[in-house]
Novice: 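Have a look at this one before I ask anything.
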Amino acid sequence: MTTTTYAVSGMSCAHCKATLTEAIGALDGVTEVGVDLAAGQVTVTSAGEPDDVLITEVVDEAGYELTGRAA
């Protein structure tokens, strides 16, 4: 399993958390999604190396902005 944390802007409420959890969780290979609203981060656990481009597209389509991997 691989865990990757992304910085995402525009999240502010439980609806944001639910939307991103559902959208990212639907991707092939994703086994868990954690959203930290206060930190502005989304942690994705996947079976292999995540597809950053695909995750960025899904986040953008949901109305948020993925600004890169968190340090």
Side-chain angles (χ1 to χ4, degrees):
M1 292 296 194
T2 302
T3 301
T4 309
T5 302
Y6 299 95
V8 177
S9 63
M11 303 183 302
S12 61
C13 64
H15 175 73
C16 300
K17 182 175 180 175
T19 298
L20 287 173
T21 300
E22 182 179 337
I24 297 170
L27 297 174
D28 285 342
V30 173
T31 58
E32 185 177 344
V33 178
V35 178
D36 184 338
L37 296 174
Q41 296 181 338
V42 175
T43 301
V44 178
T45 303
S46 55
E49 189 64 25
D51 183 340
D52 289 350
V53 173
L54 183 57
I55 292 174
T56 300
E57 288 174 5
V58 168
V59 170
D60 287 348
E61 287 174 9
Y64 308 96
E65 182 182 3
L66 190 151
T67 57
R69 288 190 180 201

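Quick note: residue numbers are just sequence positions, from 1.
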Novice: Please check if the side chain of T45 supplies one atom and the backbone of T31 the other of a donor-acceptor pair under 3.5 Å.
Specialist: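 The answer is no, because no donor-acceptor pair under 3.5 Å joins these two groups.
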Novice: Please name the pair of heavy atoms, one in T2 and one in P50, separated by the smallest distance, quoted to 0.1 Å.
Specialist: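 Minimum heavy-atom contact is CG2-CD, 4.1 Å.
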Novice: Report the distance from atom OG1 of T56 to atom CD of E65, rounding to the nearest 0.5 Å.
Specialist: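 Nearest 0.5 Å value for the OG1-CD distance: 10.0 Å.
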Novice: Which heavy atom of C16 sits nearest a heavy atom of G10, and at what distance?
Specialist: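 Nearest pair, atom of C16 first, then G10: SG-O, 4.2 Å.
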Novice: Which other residues belong to the hydrophobic cluster containing V44, where Ile, Leu, Val, Met, Phe, Trp and Tyr are joined when side-chain heavy atoms lie under 4.5 Å apart, directly or via other members?
Specialist: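 Other cluster members: Y6, V8, M11, L20, I24, L27, V30, V33, V35, L37, V42, L54, I55, V58, V59, Y64, L66.
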Novice: Please tell me whether T43 and T5 have a donor and an acceptor in their side chains that are separated by less than 3.5 angstrom.
Specialist: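 Result is yes, a qualifying pair exists.
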Novice: Give, for atom CG of D51 and atom CG of D28, the distance between the pair rounded to the nearest 0.5 Å.
Specialist: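 The CG atom of D51 sits 10.5 Å away from the CG atom of D28.
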Novice: Could you tell me if the side chain of S12 sits less than 4.5 Å from the side chain of K17, heavy atoms only?
Specialist: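 In short, these two side chains do not touch, never coming nearer than 4.5 Å.
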